[in-house]
Amino acid sequence: MVIQDARVLRDEFIPKEVVHRDAEVQRLAETLEPITQGDKADNSLLFGPPGTGKTCIAQHTLEKLEKEQLDVKYHYINCWENYNRFKVLYKALEGIGKTLNVHRQSTPTDELLKRLRDYDQLPYVLILDEVDQLEDEKVLYDLYSAPNITMIMITNSESEFFNMDQRVRSRLMDSERIEFSKYSADELTDILSDRVEWGLYRDAIDRSRLRKVALSADGDARIAIGILRSAARKAEKESKEEITREMIQESVPDAKENQKQKNVEKLNKHQKALYDIVNEEGKIKPGELYEKYGKKVDEPRTKRMLRKYLNKMEHYRLIDSEGEGRWRVYKSKG
DNA sequence: TGTCCACTGGAAATAGAGGCCG
DNA sequence: CGGCCTCTATTTCCAGTGGACA
């Protein structure tokens, strides 16, 4: 037996103590300080590469705040999954239990917003993860103008995020910005050993092997934990008592592919067809791509729609493109 | 210099789904 | 049930872009 508590190895797990992010935790806590007086705090923007602890710290800080201070509410919203105005507002209302008798289709979005604005019980903090994935950032403006709501926005790229509607941007400019950088191999090793302590049996893995995992993850904690999880499962499957270096080695590609795979699964058949063609060709001009696509599926969508799909896939980092206008070329990743 | 070409992406129009209400 | 809403997905229409070519 290797795994003691599988929950600890999941992506969503939030540790009780966060290691190697003291400065960031401190800054976030200071920014949120007014909330302890029952006021609205400044919004914050956490940015940095994937797997650097942004989401984890936001949730951890709020969880702690809620525990110490009963009169705060917070809610986590993933903007990848809730990418439009209605969905975000609906989720936000869910967090304060005001969705009663809001019935999905028949209530206008403005009504949702009105309810949020009218809410004045307790300070309400919204964690908006992957906020750059929103189809239309105007919803941020809506939330900005709600008197009691404080936002914690999370994004990979600060510059991409601010590449938005002028009016929304000018409001969000004064958010507290907190930058996260990649973890070093030593830091990652510490994070892993923290997880191991709660999640695995003591002798399953030692520090030098954890360091091997850390080195393969290139500063990304999510990948590091993914490698560990996958290696632990292998050990479990083979009924071994410990995780070997070979198991770790084999798990590296699994873990790295994993994230991308998740996104590919969300594509519909038209998007998948485009994705496959781009990958087969490696590099392809739009006209040719549309033509191949047309032969490949029944009931093809119009070119305009395909352009929308391609944009989306590029945004999700499933494909690449280069060149503007007439010189555009779509490319497979990597 | 003017016209054509191959492509992009915004905006408006349309279709269809699901819920509300009399 | 039928009329009325709103939402999302999709189509239709089109102005804009900048190199090629006569």
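Chain naming here is simple, since letters A, B, ... match the order of the sequence lines and numbering starts at 1 in each.
Legend: residues meeting side-chain contact (heavy atoms from CB on, under 4.5 Å) with A:Ser332, ordered by chain and number and at least two apart, are A:Val278, A:Asn279. Applying the side chain to side chain donor-acceptor pair (under 3.5 Å) test to A:Lys285 and every residue at least two apart in sequence or in another chain returns nothing. Among residues two or more places apart in sequence or in another chain, the side-chain contact (heavy atoms from CB on, under 4.5 Å) test is passed with A:Lys269 by none. With sequence neighbours excluded, the residues that form a side-chain contact (heavy atoms from CB on, under 4.5 Å) with A:Glu187 are A:His20, A:Tyr183, A:Ser184. Under the rule for a side-chain contact (heavy atoms from CB on, under 4.5 Å), the partners of A:Asp129 that lie at least two apart in sequence or sit in another chain are A:Thr55, A:Tyr76, A:Ile154.
In this entry the distance linking NZ of A:Lys308 with C1' of C:dA9 reads 8 Å, nearest Å. Note: NZ (A:Lys269) to P (C:dA9) measures 16 Å, nearest angstrom. Taking atom OH of residue A:Tyr90 and atom C1' of nucleotide C:dT8, one finds them 17 Å apart after rounding to whole Å. Protein atom CZ of A:Arg85 is 15 Å distant from nucleotide atom C1' of C:dT8, rounded to whole Å. In this structure, A:Phe86 places its CZ atom 14 Å from C1' of B:dA17, rounding to the nearest Å.
Direction of the helix axis in the helix from B:dT1-C:dA22 to B:dG22-C:dC1 shifts by 30° between the two five-pair termini, rounded to 10°.
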Dump the pairs, protein N or O against N or O of nucleotides 14-16 of chain B, anything under 3.5 Å, distances to one decimal.
none

Under 3.5 Å donor-acceptor pairs involving side-chain atoms of residues 194-205 of chain A, not counting sequence neighbours:
residue  : atom : partner : partner atom : Å
A:Arg195 : NH1  : A:Val8  : O            : 3.1

May I have the list of side-chain donor-acceptor pairs in residues 301-308 of chain A shorter than 3.5 Å, sequence neighbours left out?
residue  : atom : partner  : partner atom : Å
A:Arg301 : NH1  : A:His270 : NE2          : 3.3

Got a list of side-chain donor-acceptor pairs under 3.5 Å for residues 212-228 of chain A, not counting sequence neighbours?
residue  : atom : partner  : partner atom : Å
A:Lys212 : NZ   : A:Gln249 : OE1          : 2.7
A:Ser216 : OG   : A:Lys212 : O            : 2.8
A:Asp218 : OD2  : A:Lys182 : NZ           : 3.3
A:Asp220 : OD1  : A:Arg222 : N            : 2.8
A:Asp220 : OD1  : A:Ile223 : N            : 3.2

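Sequence neighbours left out, the pairs with a member in residues 224-238 of chain A that pass salt bridge (Lys or Arg N to Asp or Glu O under 4.0 Å) are A:Asp11-A:Arg229, A:Lys234-A:Asp254, A:Glu238-A:Lys240.
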Q: Assign a letter to each nucleotide of nucleotides 1-9 of chain B from its 5' end: B, base within under 4.0 Å of a protein heavy atom; S, sugar-phosphate only; -, no contact.
A: ----BBSBB

Q | Check against side chain to side chain donor-acceptor pair (under 3.5 Å), A:Ser145 and A:Arg117 | A | CA-CA 8 Å; A:Ser145 64; A:Arg117 288 204 170 126; 2.5 Å; yes

